Amino acid sequence: MSSYNTQTLKIYNSLSGEKETFVPINEGSIGMYVCGPTVYSNVHLGNLRTFMSFDVIFRYLLHLGYKVRYVRNITDVGHIVDDVDEGEDKIAKKARLEQLEPMEVVQRYTVDFHEILKAFNFLPPSIEPTATGHIIEQIEIIKKIIDAGIGYEANGSVYFDVVKFNETNNYGKLSGRNIEDMLANTRDLDGQSDKRNPQDFALWKKAEPEHIMRWPSPWSDGFPGWHLECTAMSTKYLGNHFDIHGGGMDLKFPHHECEIAQNEACTGQSPVNYWMHANMLTLNGKKMAKSTGNNILPREILTGENTILSKAFPASVARFFMLQAHYRSILDFSDEAIVAAEKGYKRLMEAIDALKQIKTSTNSTLDIANWNQLCYDAMNDDFNTPILIAHLFEGVRYINLLKDNKESITAADLETLISAIHSFVFDVLGLENQKAADSSNDKLEGTINMLIDMRNKARADKDFAMSDHIRDQLLALGIQLKDSKEGTTFSI
């Protein structure tokens with residue numbers, strides 16, 4: 001049942017700098033685009049936090065009953081090193097350094113990205129398009145921008161004329177930058193650049209002879225500019241005007257600023273109603289960087305193979321830690337912080353396990369309906385997960401009081417409490433009950449070992465038909481037995 005009609009959701013819009021009441025373009029349906037990874041390395045923890053923020057936003061919109069088309073792209077070409085227009089494509093550089101085909105690099109790190117997100121219990125997006133899969137769409141957009149008098153070709157490359165665009169539009173409105181100040185603070189072009197103005201950005205780059213990733217175009221064999229892909233893919237799947245566009249705070253300028261300019265030059269309208277940006281993650285009070293060693297990968301949290309943390313932590317504990325801070329605030333990751341988060345996570349799960357012990361009464365001494373609405377109020381206030389978690393721990397307090405018979409609850413209110421706790425903890429926050437999962441794994445392992453014992457007895461009794469039947473039935477369920485001198489083991 002849809003509840004979006006009974007809840008007033010407010011979203012902080014980076015474009016206005018204010019919280020605004022969310023009103024979708026089409027009632028009951030939402031189009032949301034989030035900038036995905038550039039797949040030239042393992043996804044880092046800061047990226048994971050950004051994607052987690054939008055995973056929770058996606059989950060809550062679904063919980064409210066909206067039909068959501070969530071598009072998150074894969075950047076597999078066009079992203080130049082250092083986020084500038086000159087230089088080497090990040091994927092091409094990685095391919096050269098590792099002596100691989102660029103698409104080998106893309107495949108390796110796309111697989112890693114998906115594995116990490118699955119481990120951290122992310123919902124997949126509705127559509128996950130790639131930049132290389134939309135070259136034709138990008139070329140068509142470039143043609144429209146040139147026809148509008150905003151794009152110009154120079155020596156096989158095509159650039160977006162920011163100064164010309166700003167005559168009738170406002171380049172810098174998202175980031176709060178002034179074009180005159182930007183031009184004044186930029187060194188003059190050295191005469192070797194094809195750009196008319198220092199702030200112009202590439203729509204298409206002519207490929208040098210040694211550049212592997214290239215496609216034919218009306219201007220040259222080359223590749224698209226980094227900013228163009230998101231304009232092409234968001235408009236293809238969500239239309240020229242859609243509800244929400246998200247990404248990390250670092251993408252606000254120049255990437256998202258350029259997206260707005262491209263859309264407005266091409267379609268004559270602003271593309272997005274609500275721009276959302278997630279803040280950064282630091283490690284032990286400092287910026288994360290591989291060069292300084294102040295860095296940890298998501299997988300290393302799960303395995304414990306790092307020099308930062310005292311032990312390994314389950315994905316849900318790391319997820320719970322990150323959601324204790326609002327998505328727009330800076331969050332510092334440390335061993336001390338995640339250890340504290342683990343204690344809170346265990347308290348929450350223990351309370352959920354205790355729900356089945358609660359006995360009902362003819363009356364309630366707790367206002368469960370009000371508590372439930374407070375949980376909604378937290379998420380309705382720009383997806384405020386730390387306030388939601390605070391209310392969930394108030395729910396933990398209720399559970400403990402009810403378990404100790406210090407408060408009473410009716411069957412209807414208990415049903416509301418159980419439904420709300422499960423909805424917000426598991427469906428919205430995306431946490432998993434690690435204890436329950438471990439218990440299930442223990443039971444599975446015990447059952448398989450029992451069947452192995454039965455198979456061993458059958459083999460000892462020379463009942464090879466039964467022995468083979470057990471092995472084949474387990475294999476059909478995806479459980480492979482391996483016989484060796486040391487005995488029989490299994491893998492799933």
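Computed from a predicted model, the values in this text were never measured in an experiment. One-based numbering along the sequence shown.
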For this session: Work out which heavy atom in Val39 is nearest to a heavy atom in Ile91; give both atom names and the distance.
Result: O-CG1, 3.9 Å

For this session: Take the angle between the ring planes of Tyr274 and Phe22 and call it parallel below 30°, perpendicular above 60°, tilted in between.
Result: tilted

For this session: Output yes when Lys118 and Glu115 qualify as a salt bridge under the 4.0 Å nitrogen-oxygen rule, no when they do not.
Result: no

Exercise. How long is the gap from CG on Leu228 to CD1 on Ile141, to the nearest 0.5 Å?
Worked result: 5.5 Å

Exercise. Within 45° of the axis and under 6.0 Å from the centre of the six-membered ring of Phe58, does NZ or CZ of Arg72 qualify?
Worked result: no

For this session: Say whether Asp382 and Tyr327, considering side chains only, have a donor N or O and an acceptor N or O under 3.5 Å apart.
Result: yes

For this session: Report yes or no: is the cationic atom of Arg177 (NZ for Lys, CZ for Arg) closer than 6.0 Å to the six-membered ring centre of Phe253, at no more than 45° off its axis?
Result: yes

For this session: State, without any angle test, whether His134 and Tyr237 hold a side-chain donor-acceptor pair at a distance under 3.5 Å.
Result: yes

For this session: Determine whether Asn433 and Phe426 make a side-chain contact, defined as any pair of heavy atoms from C-beta on separated by less than 4.5 Å.
Result: yes

For this session: Ignoring hydrogens and angles, state whether a donor on the side chain of His241 or Asn263 is under 3.5 Å from an acceptor on the partner side chain.
Result: no

Seminar exercise, completed: Exactly one candidate in Trp371, Phe383, Phe424 meets ring-ring contact (aromatic ring centres under 6.0 Å, His included) with Tyr376; the answer is Phe424

Exercise. Yes or no on ring-ring contact (aromatic ring centres under 6.0 Å, His included) for Phe54 and Tyr70, after CA distance, side-chain angles and deciding distance?
Worked result: CA-CA 10 Å; Phe54 287 100; Tyr70 175 21; 7.8 Å; no

For this session: List the steps, then state whether salt bridge (Lys or Arg N to Asp or Glu O under 4.0 Å) holds for Lys10 with Asp381.
Result: CA-CA 5 Å; Lys10 288 185 177 291; Asp381 183 17; over 6 Å; no

